[in-house]
Structures are given as C-alpha cells and as structure tokens.
Amino acid sequence: MKKSVITIAVAATVGLGTIFGAAPSKIEAESISKLKGEQNKIQEKRSDLKSGINQANDKISDIQNQQADVKSEMKRIDFAIGDTTTKINEKTAKIEETKAEVAKLQEETKVIKERIEKRNMLLKDRARSYQETGGMVNYLDVLMGSTSFSDFIDRANAVATIMQADQDILKQHEADKKELESKQSQVEKELASLETMLADLEKMNQQLSAQKAEKDKLLATLKNQEAEEHEHIMDLTEQEQLLAAQEAAIQKAIKMEQEAQARAAAEAAKNNQASGGGGASTVIPNNSSGYWTQPAVGRFSSGFGGRSGGNHYGVDIANATQVPIVAAADGVVIKSYSSTSYGECIFISHSINGQVYTTVYAHMSSRIASNGAVVKKGQQIGVMGNTGASEGQHLHFELHKGPWTQDKRYAIDPVGIVPLPGR
C-alpha cells in the first residue's frame, strides 16, 4: 500500500481537538468555522474516494469480462488445435498409405513395362516378316496353297485368327499404356493433394499455437491489471476509512469548541490559577496554565535536531521508573497502536486557536487512551516504557504544527512551546 500517500492525504485534511483555555469567543468561533471547513474538505475527499472505488470496481468487472472472453477464445483455440492435430494425423497416415500404393504401382509398372517390351519385340518381328514376305501376299500364299476346300477353310480361319491376334496385341498394348499413365497421374495427384493439405494443416496448427500463446500473455496481463485494481481499491478504502474516523473525531472537536464558548470565562479563570488546583506531584507533572503542559516527569535526555543516528524529530524525557504519560493539551486521539519503530504509541490532534497541532507519545510500556478518545490537558494516556526501537526507558515526544506525515515535514522543536523538564 502507498502508506506515505495515505498518511499525507488523510492527515493534511484533519483539524481535531478543542480549546480549553482563555481564548475569546470570537477566536473560538473562528476555530469552529475552520474545523467545519476542514470537515467539509474531508467529506469532499471521502466522496472522491468512494467515486474512485466505484470506478475501480467497474474496471475490475470489465477486466473480468475480458478474462472470460479470452478464456472462451482459448477453449475454442484448444478445440481447433485438437481437431487440426487429428486431421494432421489422418493425412499423415493417408500419405503413408498412398506412398505404399505408389510403391505397389511401381512394381506393377515394371510388369506392364515388361509386357509392353515383349509386345514391342513381337510386333517388330511381325513387321520384319511382313516386309520380307510382302505382308498380305504371304497370307494369300497360305490360302492358295490349300489342297482341298476343307484345307482352305482351315487356313482361312488360321489367317483370320492370326490377324485378330495382331489387333488384340495392339489394343492391349494401347490399353496397358493408358492404364499405366492413368495410375501414375492419379496417384501423383492424390499424393500431391495430401501433401498440400498436410502443409496447410501444419501451418494452421502453428498459427493456432501462436494465437494461444498471445491469449495466454493477454490473460496474464489482465490478471495483473485485476490485482493492481484490487490493491488500488484497498488503498482507496483504507484512505476512506481513515477519513471517516477523522471526520468523526473532528465532529467531536466541533462539539467541544461549542461547549467551550459557554464556559470560556470559567475556564479562563481556572487556567489562570497557579497549578490548576491539583497541587504538585512527584509522579504526574503539574498541569501548567495555558494550552500546553509537560507530558511526563523525568530528565530531558535528548533534544530536537541532528544527532549521530540521524535527525531526531522530537525530544526525549527519561525516567528510571515507569511514570505516567499525560496529554500535552486538550485534543482527540487519532491513533493508538503498537508500532515497530515507535513501540506502544499514541497520536493526538489538537486545535489551538484554529491551528492544528499533532503530538506523538512513543515507546510507552502501555496505552490507556484509545482511538477517538477525547482527552484533557494533563489527563493520563499511558505509562513510560522501552518498547519499539528504543534504548532505555524514556518518552519520545514529538510536536507537529499541522498533521503528522511520513516524512515528518511539519515537525517542530517543542522547546519554548510545550513545558519540558529543565527547560
């Protein structure tokens, strides 16, 4: 999640807490007006966030519909690939059968060629005999040489038979030639057709495989887009929830400001008393007059600014015993939780004359105030400890003139503003 963006977006619009001091009614009224302005800004931002969430949900629905279309198309491609593969196997088998037929035809061709060759030799012998004897004259000599009518008939039948045989040989010779040419042409055409179909099917299969790879890539892209939109919704939802909590807190602050107008005079008189009427305490710090009070009893051990470990955005108050931690001013708890770095910590938002301040109390051993709690200046909110990224028991106290942000851009030195031990 984009936590820095969330924190800035949320905290920048929040003005929480109230004034319990000697401020005039006019200033308090201005503070209420500012808080209501901040509340309106929060409401507008919440509306924008909800609109963004709805748009993201619509986009997810669209992406899911696209995924369904892609999956449907992939099923069609898978079916087409299966069908094409089956046809390729069939054509391959048919080609093998045709090749076998070609081999068989080649053997038959050898036989036919031998028959043709023999007939060619026979016809050549006959032609040579015709040339030597004069052709038909030879047949007449045969007929005229008969010794009787019966012999003539026999010779005539023989001549006719021989002539018919010559005609049959020529016809068979022609038929064999045509058969050979026909079979060769038919098989060659069939084989060429099968090989063309096989090549087309293999090309189609390659194209389908390429289409499937593209669909796989598209589906992966759509799934990544859906995951990003879900993360975006979580981001927007978290911001909206934080704004909702801040809006509720700011409503409390407005109510507190309104109540303060009714008792401004009494509170002013009370805050002007020496110690707030409570007397000194060795454990809980005296409740100072004015808007701010000391957050804990102890030794000022580290100041604000640069040090060996980097910038120190707050001050440290150390104590050997687990002393109470109190709210430095009237306000509303905007966050009470356990942090990896801050340990047990509490964030409080204050409105002082319409100016928003945020205080941070870190490394406590335990927390008393919870999220959304309205606290008074000097009210105990926890106990000093050594939790989180801490070396030794102490309170790490931060003051921000404005909201708390991840980069702590609004952090200021509390010395001279908030009463601190030894300062």
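Sequence positions, counted from 1, serve as the residue numbers for this chain. Computed over heavy atoms, backbone and side chain alike; hydrogens, waters and symmetry mates excluded. These figures come from a predicted structure and were not determined experimentally.
Within the 3.5 Å criterion, the main-chain N or O of Val415 finds a donor-acceptor partner in the side chain of Asp413. A donor-acceptor contact shorter than 3.5 Å is absent between the side chain of Asn311 and the backbone of Tyr313. When atom types are taken as modelled, the side chain of Thr293 and the backbone of Asn286 share a donor-acceptor pair closer than 3.5 angstrom. A distance-only check finds a donor-acceptor pair linking the side chain of Tyr361 to the backbone of Ala328 [under 3.5 Å]. Side-chain N or O atoms of His394 include one that pairs as donor or acceptor with a backbone N or O of Gly392 at under 3.5 Å. A donor-acceptor pair under 3.5 Å is formed between the side chain of Asn57 and the backbone N or O of Ile53. Ser47 contributes no side-chain N or O that, together with a main-chain N or O of Gln43, makes up a donor-acceptor pair within less than 3.5 Å. Of the possible donor and acceptor atoms, one in the side chain of Gln379 sits under 3.5 Å from a partner among the backbone N and O of Lys376. Between the side chain of Gln393 and the backbone N or O of Thr321 there is at least one donor-acceptor pair closer than 3.5 Å. A donor-acceptor distance shorter than 3.5 angstrom exists from the side chain of Asn65 to the backbone of Ser61, with no hydrogens or angles considered.
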Verify side chain to side chain contact (heavy atoms under 4.5 Å, CB included) between Val383 and Val323, making sure each step is shown before the conclusion.
CA-CA 6 Å; Val383 178; Val323 297; over 6 Å; no

As a quick check of understanding, evaluate side chain to side chain contact (heavy atoms under 4.5 Å, CB included) for Lys335 and Trp404, giving each step before the final call.
CA-CA 11 Å; Lys335 201 166 188 180; Trp404 182 94; over 6 Å; no

Evaluate side chain to side chain contact (heavy atoms under 4.5 Å, CB included) for Ile381 paired with Val326, printing each intermediate quantity in order.
CA-CA 5 Å; Ile381 58 173; Val326 301; 5.8 Å; no

Could you go through Ile60 and Gln225, starting from their C-alpha distance and side-chain angles, then the distance that decides it, and tell me whether this counts as side chain to side chain contact (heavy atoms under 4.5 Å, CB included)?
CA-CA 8 Å; Ile60 287 175; Gln225 289 178 0; over 6 Å; no

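You'll find the side chain of Val375 reaches within 4.5 Å of the side chain of Val333, heavy atoms only. Taking 4.5 Å as the limit, some side-chain heavy atom of Leu219 sits within range of a side-chain heavy atom of Gln67. At a threshold of 4.5 Å between non-hydrogen side-chain atoms, the residues Met364 and Met384 do not count as touching. Arg299 is not listed as a side-chain neighbour of Asn319, based on a closest heavy-atom distance of 4.5 Å or more. Using a 4.5 Å heavy-atom cutoff, the side chains of Asp200 and Lys203 are not in contact. Within the 4.5 Å cutoff, the side chain of Phe304 has no heavy atoms near those of the Ile412 side chain. Between His396 and His312, some side-chain heavy-atom pair lies under the 4.5 Å cut-off. You'll find the side chain of Ile334 stays beyond 4.5 Å of the side chain of Ile348, heavy atoms only.
Distance check, rounded to the nearest 0.5 Å: CG of Leu218 to CE of Met74 gives 9.5 Å. The CD atom of Gln294 lies 12.5 Å from the NZ atom of Lys377; values are rounded to the nearest 0.5 Å. Atoms CD and OG1, from Glu195 and Thr92 in turn, are 10.5 Å apart once rounded to the nearest 0.5 Å. Atom CG in Leu395 sits 9.5 Å away from atom OG in Ser301 (nearest 0.5 Å). Atoms OG1 and CD, on Thr85 and Glu202 in that order, are 10.0 Å from each other to the nearest 0.5 Å. Between the OG atom in Ser72 and the CD1 atom in Ile77 there is a gap of 10.0 Å [rounded to 0.5 Å].
Pairs engaging residues 206-216 under the side-chain hydrogen bond (donor to acceptor under 3.5 Å, both in side chains) rule: Asp78-Lys212 [sequence neighbours left out].
Using modelled atom types and a 3.5 Å distance limit, the side chains of Glu398 and Tyr342 yield a donor-acceptor pair. Counted by atom type alone, Thr387 and Glu344 present zero donor-acceptor pairs between their side chains at under 3.5 Å. Checked by atom type, the side-chain pair Thr359/Tyr357 shows no donor-acceptor distance below 3.5 Å. Residues Asp62 and Gln66 bring a donor and an acceptor atom of their side chains to less than 3.5 Å of each other.
Ion pairing between a basic and an acidic side chain is recognised when a charged N comes within 4.0 Å of a carboxylate O; Arg76 and Glu73 show such pairing. Under a 4.0 Å N-O distance rule, the pair Glu226/Lys59 does not qualify as a salt bridge.
Residues Pro295 and Val418 come closest through the heavy atom pair CD-CG1, 4.2 Å. The nearest pair of heavy atoms linking Pro419 to Ser288 is CG-OG, 3.8 Å. The minimum heavy-atom distance linking Ile233 with Ala56 is given by the pair CG1-CB, 3.4 Å. Taking every heavy atom of both residues into account, Ile317 and Pro421 meet most closely at CD1-CD, 3.8 Å. Closest non-hydrogen pair, Cys345 versus Ala362, comes out as CB-CA, 4.0 Å. Across Val332 and Gly372, no two heavy atoms sit closer than the pair CG1-O, 3.9 Å.
The environment of NZ in Lys408 is crowded: more than 12 heavy-atom neighbours from other residues, nucleotides or ligands sit within 6.0 Å. Around OH of Tyr337, the count of heavy atoms belonging to other residues, nucleotides or ligands within 6.0 Å exceeds 12.
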